[in-house]
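Heads up, the thing below is written out as structure tokens.
Only this structure's heavy atoms are used, side chains among them; waters, hydrogens and symmetry mates stay out.
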Amino acid sequence: MKIGFDAKRVFFNNSGLGNYSRGAVNLLSTYYPDNEYFLFTPRQEVKVNFIPHSNTSVILPDNTFYKRLPSLWRSYRQAGDIKKNGINIFHGLSNELPADIRKSGARSVLTMHDIIFIHFPELYKPLDRYLYTKKYRRSCDNADRIIAISEQTRRDLVNVWNIAPEKIDVVYQGCDPMFYETADETFKNKIRVKYSLPECYLLSVGTIEERKNLWTAVKAVAEHNIDIDIVACGRHTPYADKIAEYAVKNNIENRLHFIHNVTFSDLPAIYQMAQGLIYASFYEGFGIPILEGLNSRIPVITSQGGVFPETGGDACIYIDPHSVEQMADAIEKILSDRELVANMTDKGSNYALKFRDKEVAEDIYSVYRKIF
């Protein structure tokens with residue numbers, strides 16, 4: 001079978017959607033090696049550390065016009081190249097399919113990660129919201145099957161966009177296998193020096209924006225005078241400046257550390273040296289840092305409701321993300337109760353097994369079998 005992927009983010013995105021896309025391609029080409037895999041991308045140069053397997057080919061625009069207008073190629077010319085290469089199944093890995101996918105002759109699968117731009121419109125420019133709504137909704141309508149990365153995303157597609165529920169399969173994502181391995185002490189010390197990490201800290205991972213809600217943890221440390229540092233790894237936004245100003249006003253600026261350009265391969269060591277992960281986000285499609293924390297064998301504090309219990313199971317402390325009191329109580333528990341931490345980390349490593357590579361690959365491939 002010939003399987004094609006919309007692979008722009010495989011080569012050009014080094015965070016969430018890129019990690020998912022690379023992971024899916026690697027898993028399928030590893031566990032189902034008898035297929036041929038085709039990566040459709042507007043440009044050849046690689047901006048991330050990704051080497052395709054021997055059963056994988058890269059497909060580029062075939063003329064100068066579309067090379068200069070890659071968005072036009074992805075939406076309105078890619079279907080012709082899908083047909084020319086005899087693709088049986090085309091998988092849009094990041095919320096999008098070519099607008100004319102039905103002309104390609106291929107069956108289509110679409111992975112939908114979330115519709116955060118609907119729930120938090122203030123975080124997006126009006127034009128971006130309009131384009132995302134138009135492209136992603138159209139892709140959902142055109143797809144033969146939809147993969148939702150969580151039950152929450154599935155519910156959103158059904159309740160907000162009226163997508164037929166029988167068209168949607170929930171396939172959870174895994175995290176990079178790097179997080180399965182324990183970093184040695186020499187490497188950990190090197191990473192501590194590289195990023196000037198404190199001796200004891202709680203970790204937050206993700207874009208430092210209002211939806212991710214670092215604020216509750218910072219206020220808990222300040223208002224309850226908890227003797228612990230916070231290390232926040234993620235892209236800078238004006239929200240980070242607001243938190244920094246609050247830290248200065250409350251005399252905890254020396255205990256708040258922002259790291260904006262972390263090398264991905266350094267993250268497992270940063271997780272493993274932390275006393276715990278704080279992830280009190282208001283909304284996520286899946287919440288991959290929770291899974292990274294569980295695999296890193298550290299306690300995780302995250303939000304009640306939504307997708308979070310899907311990702312964290314019975315291994316996390318769940319709090320109201322608006323409650324400074326609950327956050328402070330949870331932090332105090334993981335800093336003082338060794339038995340609780342041992343129990344959480346044991347449960348976490350066991351629960352995380354359901355998201356391992358083989359299971360994820362089999363679940364994706366089972367969707368393919370439904371349409372071919």
Verdict with supporting geometry, Asp114 and Val307, side chain to side chain contact (heavy atoms under 4.5 Å, CB included): CA-CA 11 Å; Asp114 57 63; Val307 74; over 6 Å; no
Criterion side chain to side chain contact (heavy atoms under 4.5 Å, CB included) on Asn250 and Glu223, from CA distance to verdict: CA-CA 8 Å; Asn250 288 272; Glu223 292 181 10; 5.9 Å; no
Chi angles and distances behind the side chain to side chain contact (heavy atoms under 4.5 Å, CB included) call for His236, Ile208: CA-CA 6 Å; His236 178 273; Ile208 304 167; 5.8 Å; no
ring-ring contact (aromatic ring centres under 6.0 Å, His included) between Phe90 and Phe40, worked out: CA-CA 10 Å; Phe90 186 81; Phe40 289 77; 5.6 Å; yes
Criterion side chain to side chain contact (heavy atoms under 4.5 Å, CB included) on Leu202 and Val231, from CA distance to verdict: CA-CA 6 Å; Leu202 296 171; Val231 172; over 6 Å; no
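Ion pair Asp184/Lys188 not flagged as a salt bridge, since none of the NZ, NE, NH1 or NH2 atoms sits closer than 4.0 Å to an Asp/Glu carboxylate oxygen. Ion pairing between a basic and an acidic side chain is recognised when a charged N comes within 4.0 Å of a carboxylate O; Asp100 and Arg77 show no such pairing. For the pair Arg138 and Glu96, the salt-bridge criterion is not met [side-chain N within less than 4.0 Å of a carboxylate O]. Between Asp176 and Arg22, none of the side-chain N atoms (NZ, or NE/NH1/NH2) sits under 4.0 Å from a carboxylate O, so this pair counts as no salt bridge. For the pair Lys242 and Glu245, the salt-bridge criterion is not met [side-chain N within less than 4.0 Å of a carboxylate O]. A salt bridge is absent between Lys167 and Asp144; no separation between the charged side-chain nitrogens and carboxylate oxygens falls under 4.0 Å. Looking at Arg154 and Asp169, no side-chain N of the basic residue comes within less than 4.0 Å of a carboxylate O on the acidic one, giving no salt bridge.
In this structure, Tyr246 has its ring center under 6.0 Å from that of Trp215. If you look at Phe50 and Phe11, their ring centroids are closer than 6.0 Å. The ring of Phe372 has its center no closer than 6.0 angstrom to the ring center of Tyr368. Between Tyr20 and Phe286, the ring centre distance reaches or exceeds 6.0 Å. Between His257 and Tyr195, the gap from one ring centroid to the other reaches at least 6.0 Å.
By the criterion of side-chain heavy atoms lying less than 4.5 angstrom apart, applied directly or through intervening Ile, Leu, Val, Met, Phe, Trp or Tyr residues, Val160 is grouped together with Leu123 in one hydrophobic cluster. Residues Leu256 and Ile226 fall within the same hydrophobic cluster, defined by Ile, Leu, Val, Met, Phe, Trp and Tyr side chains chained together at heavy-atom separations under 4.5 Å. Under the 4.5 Å side-chain heavy-atom criterion for ILVMFWY residues, no single connected hydrophobic cluster contains both Tyr318 and Val324. Hydrophobic clustering of Ile, Leu, Val, Met, Phe, Trp and Tyr side chains at less than 4.5 Å, counting indirect connections, unites Tyr32 with Phe5.
For the pair Thr302 and Ile278, the minimum side-chain heavy-atom distance is 4.5 Å or more. For the pair Ile288/Gln173, a side-chain contact is recorded, criterion being any heavy-atom separation below 4.5 Å from C-beta on. Under the 4.5 Å side-chain criterion, counting only non-hydrogen atoms from C-beta, Met178 is in contact with Phe264. Side-chain contact between Tyr279 and Ile301: absent, with no pair of heavy atoms (C-beta onward) separated by less than 4.5 Å. Put simply, the side chain of Thr56 reaches to within 4.5 Å of the side chain of Leu39, judged on heavy atoms. Contact check for Leu157 versus Met112: side-chain heavy atoms found under the 4.5 Å cut-off. Side-chain contact between Tyr271 and Asn295: absent, with no pair of heavy atoms (C-beta onward) separated by less than 4.5 Å. At a threshold of 4.5 Å between non-hydrogen side-chain atoms, the residues Leu203 and Cys233 count as touching.
For the 3.5 Å distance criterion, the side chains of Tyr136 and Asp141 fail to qualify, holding no donor opposite an acceptor. Between the side chains of Glu310 and Tyr172, at least one donor N or O sits under 3.5 Å from an acceptor N or O. Between the side chains of Tyr365 and Asp363, no donor N or O sits under 3.5 Å from an acceptor N or O. Side-chain contact, Thr216 with Asn213: a donor N or O sits under 3.5 Å from an acceptor N or O. For the residue pair Arg9 and Ser94, a side-chain donor N or O sits within less than 3.5 Å of a side-chain acceptor on the partner. Between Tyr201 and Gln275, the side chains place no donor N or O within less than 3.5 Å of an acceptor N or O (distance only, hydrogens not considered). Between the side chains of Asp81 and Trp73, at least one donor-acceptor pair of N or O atoms lies under 3.5 Å.
Applying the ring pair (Phe, Tyr, Trp, His ring centres under 6.0 Å) rule to His322 yields the partners Phe282; only residues at least two apart in sequence or on another chain are considered. Partners of Tyr351 according to the side-chain hydrogen bond (donor to acceptor under 3.5 Å, both in side chains) rule, which considers only residues two or more places apart in sequence or in another chain, do not exist here.
Atom CD of Glu210 sits in a sparse spot, with 12 or fewer heavy atoms from other residues, nucleotides or ligands closer than 6.0 Å. Within 6.0 Å of atom OH in Tyr130, 12 or fewer heavy atoms from other residues, nucleotides or ligands are found, so the atom counts as exposed in its surroundings. Counting heavy-atom neighbours within 6.0 Å of Asp227 CG, excluding the residue itself, gives a total of 12 or less. The number of heavy atoms from other shown groups lying within 6.0 Å of CD (Glu339) does not exceed 12. Heavy-atom neighbours of Arg356 CZ from other residues, nucleotides or ligands within 6.0 Å: above the threshold of 12. At most 12 heavy atoms of other shown residues, nucleotides or ligands fall within 6.0 angstrom of atom CD1 in Ile51.
Between the CZ atom in Arg235 and the CD atom in Glu209 there is a gap of 6.5 Å [rounded to 0.5 Å]. Atoms CZ and CD1, on Arg107 and Ile101 in that order, are 11.0 Å from each other to the nearest 0.5 Å. Here the CD1 atom belonging to Ile168 is positioned 11.5 Å from the CZ atom belonging to Arg155, to the nearest 0.5 angstrom. Within the model, atoms CD1 of Ile147 and OG1 of Thr111 stand 4.0 Å from one another, a figure rounded to the nearest 0.5 Å. Between atom CD1 of residue Ile331 and atom OG of residue Ser336 there is a gap of 11.5 Å, rounded to the nearest 0.5 Å. We find the CG-NZ distance between Leu93 and Lys8 to be 13.5 Å, quoted to the nearest 0.5 Å.
When every heavy atom of Gly276 is checked against every heavy atom of Ile334, the shortest pair comes out as CA-CD1, 4.2 Å. Taking every heavy atom of both residues into account, Ser281 and Ser303 meet most closely at O-OG, 2.7 Å. The two residues Tyr31 and Asp357 come nearest to each other via the heavy atoms OH-CB, 3.8 Å. Shown here for Ala143 and Ser108, the closest heavy-atom pair between the two residues is CA-OG, 3.3 Å.
For the pairing with Glu284, the side chain to side chain donor-acceptor pair (under 3.5 Å) check across Gln152, His113, Arg211 returns one residue only, Arg211.
A donor-acceptor pair under 3.5 Å is absent between the side-chain atoms of Ser296 and the main chain of Ile298, judged by distance alone. In this structure, the side chain of Ser104 does not engage the main chain of Lys83 through any donor-acceptor pair within 3.5 Å.
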